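So the structure is just underneath, and the comments pick up after that.
Chain identifiers are assigned alphabetically (A, B, ...) following the order of the sequence lines, protein sequences preceding nucleic acid strands; residue numbering begins at 1 within each chain. Not measured: the values here are computed from a predicted model.
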Amino acid sequence: MTGFVNPRTPDDEPIVGRDRPRLDSTMKVTGRAVYTVDIEKPGMLHAKVLRSPYAHARILSIDASAARSLAGVTAVVTREEIIGLHSYGTYVKDQPIVATESVRYVGDVVAAVAAVDERTAFAALDLIRVEYEQLPAVFDVRAAMEPSAPAIFPDQPFAAYPEYGDGASGAAHTAHNVSYEFRYETGEESVWADCDYIFEDTFTFSRMNHMHLEPFATVAEATANEIEVWTSTQSPFPMRKELARVFGLPENDIRVNVPLLGGGFGAKNGPKTEAIAIRLSQLSAGRPVRYCMSTEEVFLTLSQHDAILTVKSGLKADGEFMARQSRVLLNGGAYADASPLVAEKAGYRMPGAYRWKRIDSVCQAVITNSVPAGAYRGFGATQATWASERQVDLIAERLGFDPLELRLKNTKELGEEFVPGETPIDSDLKHGLILVADAIGYRDRTRLSNRGMGVAIGIKDGGGVNKPAQARVKVTTNGDVFLNCALVEMGQGGHSALCQIVAETLGCDPKRVRYAAIDTDNTPFDQGTNASSGIAVMGHAVRQAAERVKCSVLDTAAEHLMLDRQSIRLDDWTIVDAEGTTYELPPLIMERFGGTGFEFTADGYYKARSASSAPLEAPCIFWEIGWAAAEVEVDPETGRVELLQLVVSGDAGKVVNKLGCRGQDEGAAVFGLAQALFEELRYDDGELLNGEALLYRVPLAEDIPRRFSSITQEQGHGAGPFGTKGMGEGGMLPIAPAIAQAIADATGAQLTSLPMTPERVYNGIRAARVRHGGADGNA
Amino acid sequence: MSLESPESNEETLTHNVEFELNGSPERHCVPTSATVLDLLRNSCGKQGVRASCERSVCGACTVLVDDLPVAACSTFAFDVDGARVETVEGLAAQDGTLSAQQQAFRECGGFQCGFCTSGMLMLTTALLRQNPQPEREQIREWVSSNTCRCTGYEMILESVERAAELAGAKQQDQVSE
Ligand code: FES
Ligand code: FES
C-alpha cells in the first residue's frame, strides 16, 4: 500500500496547516501531563546502581552479602543474577544488564539494588564490595585500533546486520576494537584521474550529551513469566522485542507502556533503565520497582559520537566537484548501542547536497573505554555535514571561489538522484540556500572588520528504513474519536499532528480526537519514533485508518438511509446528502446497532517498498534538509565569537502545524549552535570532567542571538500525506559549518574542530596570519 | 526523592511544616532533610512540579515562595514553614480558565516536551509580578535562569511577551468594568 495521492488545495484543508495550539498544550501548561517519572504503583520499590570507578578492569569478585541483608533491601542484582539472560544492542548484542567478566568504562553498571526507598538503596550500594584488577584502557579511536591496544571485547559478541543494496556493505568486527564498519561506493575510480585539484582534510567532531530534561526512568512489574513496564522509550515495540530476547520470554508476555517523554533526541532507544528494573522486580517477588536515573547517571549512560573524519575531494579547475572519498572513525564508546546505525549514516551521507561522479566512503565505529555513544539527533549527518561543508569552504578559499557560489554550482537539482537507486532529491536545495543567504543579507553586505558571514546546507535521508507503521482509528456512537498508534510524544508534537490528520479526514474538530495511551498489548505495531518519520510514515497509516473509518460510516449510513453512497458526505459526525439535508449519526447508529451503540474501527498501514537497488535496502521516504546562514563578530584579541544573526530553514513539504514546524527547526538549530560554540563532554585522558548539570554547559536564552529566526518552507514535494516531509533533525546539520565559515570570513581562521572555543578561534587567527604571510587575516 | 516509608531502616528527625500552598493551608511532618520538591511532589501530590538536575541548575522545579522563584530541589522543606508557596497547579482559575501565562505559552508554542514548562511558567509569573511590562532584554535575562532543551528559547521569549500583553489586557478589562 502506498500513500494517498489526492493532495487537496489549501483552501479545503481547514485543519492541517493552521497556526493553532497543539492538542497537548493544556495538559502541559497546567502541569497535568504524565511522564514516566510520575508513575507510581502501590508497594513500589526504588532501584539504584553501583557503577565502575575504573575505565577498564576485570571483576575478580563481588560480595553483596551485607547489602542483601540490610533491612529494607528486597533484591540485589550482580552478574550471578543474570546468568542465562542475554545481552542487548542494536546490531551488536554486547551490553549485559550488569557487568560480567569486566567493566569497560567509568560508570559501567556493576550491581543494582532494590529497596523500600532510594536512601536505603544507596546505603546498600555502599555495602557491596567489588574487587577489580585494573586493565589498560584506551580512549582515543586511533589508539584503540592499534594492534597493541587492549581488546575491549576479547570474545566477539553476537551481531546481526542488514543485507544492504547496491554499493553498500556492512560487517561487524572488521578490525581491532571496531564494532561495526559500513562502506559505500559508487562511480568509477578513474574519475580521480580527471580531477584538476585534489584536497584532503581532516576534521574532528565533538561529543555532547543529550540532556533531555526527563532522565531515563522505568517502573517495572515482573515475574519470571510476565513483564510489564512503564518506561521512557522512543521505541515501544523494538523495546518489547529486545526485552523478550534478553529475558527469554514470548513477546505476548511482555507489555510496554509509554507515557509522555520529557525529551529524547535519540537517547531513548534501546534498554537503559528497563532491564535492571525488571530483573530487580523479578527478584522482589514481583513488586513494582522504579529505576529513575539522576542527571549524573544520564551522563554515564549515553552520548553522541565524537569523530575523526578525513575527506578527500577532487574537482575540476572551474570548481566542478568530481570525486570524494571519506574515512570516518566514530568513537562508539564501550558498547555498540546504535553505533552501527550511526556508522551507516555517517558513511552514506558524506556526499552532502552535491553532485559527484565518484563516491567512496568507509566509516568504522570504534570501541573505546568511554561512555557508550548512540543515536543522537541528526546522527551520522551531523558528523558528515561538519566535515563535508567545512571542506567546501576550505576549497573555496584555496581556489578563490565564493563559498556560496561554489555550493550553488555543485548543488543537486530538485529531482536529481542522491546516489543510484535512491529517492530523488525532493527539495529545491538552491532555493533554500539563497533564501537563508538573503535573510542575513549575505549577498549585498558591506564588509566590516572582524565580521563575517557563512552559509551551509545539510541533508539526510529521512523516514527510516524498513519502518512498517500501523494505526487504528475508532469512533464512538457520539463521534468521539480515538487514535491508536505507537508514535511516542517526546516534544515534537507528533500526537497533535497525527490527531490533526484524523480530524482533517473525518471533518471533525481536532479536540474530538484523543491519542490513546500507548501499550504494546493494544496499540498497533510500529517500528519506533525516530528518523523524523512521524508524519511522513505514520501519517500515511493514520490517514488510511481514518479514511477507512469514514468509508465504513458512509457505507453504513447510505445503506440505512437508502441514499446513494457517492452523494453523501461526513461533516462533524453528521451525514449530509446531495441536497444538503443533514442526518445526525448517533440516532442512526442506535437504530441500527441497538441502544448501546457501536464503535467504528479501522486500521491503516504503511511501509515504503524495499528495493535491492537502493543502497540501504529501501529508498528513503524523503530528504530532510537544513539550510542555515550565520553572521558573527569575532574579537581577534580573545577569540571570542559573538553570533549576531542566525537563520535556519527547513522544508516541511506541507505544514501540518506551524508552531510545531518552527519549534522543531529552532530547537534543532540551538543544538547545532551549542555544538558549534561551547557544548561538549570534556575528557581528560578518559576521565569525564563535566558529567554533571553544574559543569555541563547547555545553551540558555542568553546564548541565542538577538537576531535568530527560522523559515519554514513549504515546497510541496514531500511523500507524506498532504505533501508533508519530516522535521526535527535537519535544522541541526548546517549550523556549525555556517558559523565556522562566518568565523573564517571574519578572521581568516579556518577551524576544523568543534566546539569553536575562543582558544581555538584565537589559535586559528594566528595560523591564518602565518598562512597569509603575516598580513591581517581580515582581508 | 522518595520519602520515608514504614519499612525504612533508619530513624529520621522530622519537622512540622505549615505553609500556604496555592492559597490553601497545608501541614506536613517531613524529615529534616526533605526538600521542597519532596514536600510538594510526594506529600502534597503536586506532580506538576518537575525534577531534572536536582542541583539547582535547570530550573525545571521552579516554584514561587513568597513571590520569588525558587529551585524546589535545592530548598529545604523547613524553609517554607510559614511561607506562601505557589506551583503550576495554582495558576489556572478554579473553573479551569487558564491564566495569561498559560494561555500565552499555549498560543505561542512556548513548550515542546513540556518538562521545563511548569518552571518556565512560574518564572514568568514572578517576572510579571515584579514588572508587568518587561522588555525583551529583561525577559532574556530571567528566562536564562532555566533550561529548555527543546524549543530553542525564541518561542518561550515570545510567550513571555505575549503573557505580559494578555495580563495587561485583562487588567484593563478589570479596570474598565
Ligand atoms: S531540578 Fe531543581 S533546578 Fe534542576
Ligand atoms: S519543552 Fe522540553 S525542555 Fe522545554
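- Contact of T117(B) with chain A is made through the side chain alone, with heavy-atom distances under 4.5 Å.
- Salt-bridge check for R119(A) with D117(A): failed, with every basic side-chain N at 4.0 Å or more from each acidic carboxylate O.
- Only the side chain of Y153(B) comes within contact range of chain A, judged by heavy atoms closer than 4.5 Å.
- In this structure, chain A has a heavy atom under 4.5 Å from the side chain of V57(B), while its backbone stays farther away.
- Comparing L260(A), T295(A), L213(A) by heavy-atom pairs within less than 4.5 Å of chain B, the highest count is held by L213(A).
- Residues F105(B) and V160(B) meet the side-chain proximity criterion, which asks for heavy atoms closer than 4.5 Å.
- Aromatic pair F115(B)/Y35(A): ring centres closer than 6.0 Å.
- For the options H212(A), E40(A), R706(A), heavy-atom pairs under 4.5 Å to chain B are most numerous at R706(A).
- At least one donor-acceptor pair closer than 3.5 Å links the side chain of Q304(A) to the backbone N or O of M208(A).
- For the pair R290(A) (side chain) and V37(A) (backbone), a donor-acceptor distance under 3.5 Å is present.
- Shown here is F78(B), whose CZ atom has more than 12 heavy atoms of other residues, nucleotides or ligands within 6.0 Å.
- At a 4.5 Å heavy-atom cutoff, the contact between E692(A) and chain B is made by side-chain atoms alone.
- Paired with P215(A) under the rule side chain to side chain contact (heavy atoms under 4.5 Å, CB included), one option of C292(A), S232(A), S294(A) passes, and it is C292(A).
- Neither the backbone nor the side chain of R136(B) comes within contact range of chain A; no heavy atoms are under 4.5 Å apart.
- When heavy atoms are compared at a cutoff of 4.5 Å, A669(A) does not approach chain B at all.
- Listed options G667(A), G731(A), A701(A) were ranked by heavy-atom pairs under 4.5 angstrom with chain B; first place goes to A701(A).
- The part of M490(A) that comes within reach of chain B is its backbone (N, CA, C, O), which places non-hydrogen atoms under 4.5 angstrom from that chain.
- In terms of heavy-atom pairs under 4.5 angstrom with chain A, the leader among R50(B), E141(B), Q103(B) is R50(B).
- In this structure, the portion of L261(A) lying under 4.5 Å from any heavy atom of chain B is its backbone and not its side chain.
- Contacts of V670(A) with chain B are made by side-chain atoms alone, with heavy-atom separations under 4.5 Å and no backbone atom involved.
- Contact of E137(B) with chain A is made through the side chain alone, with heavy-atom distances under 4.5 Å.
- Contact tally against chain B (heavy-atom pairs below 4.5 Å) for M211(A), Q492(A), M27(A), M44(A): the top residue is M211(A).
- With respect to the salt-bridge test (charged N to carboxylate O, under 4.0 angstrom), the residues R149(B) and E679(A) qualify.
- Side-chain contact, D38(B) with S43(B): no donor N or O sits under 3.5 Å from an acceptor N or O.
- Within the 4.5 angstrom heavy-atom criterion, atoms from both the backbone and the side chain of T26(A) approach chain B.
- Ranked by heavy-atom pairs shorter than 4.5 Å toward chain B, the options P699(A), S709(A), A115(A), A674(A) are led by P699(A).
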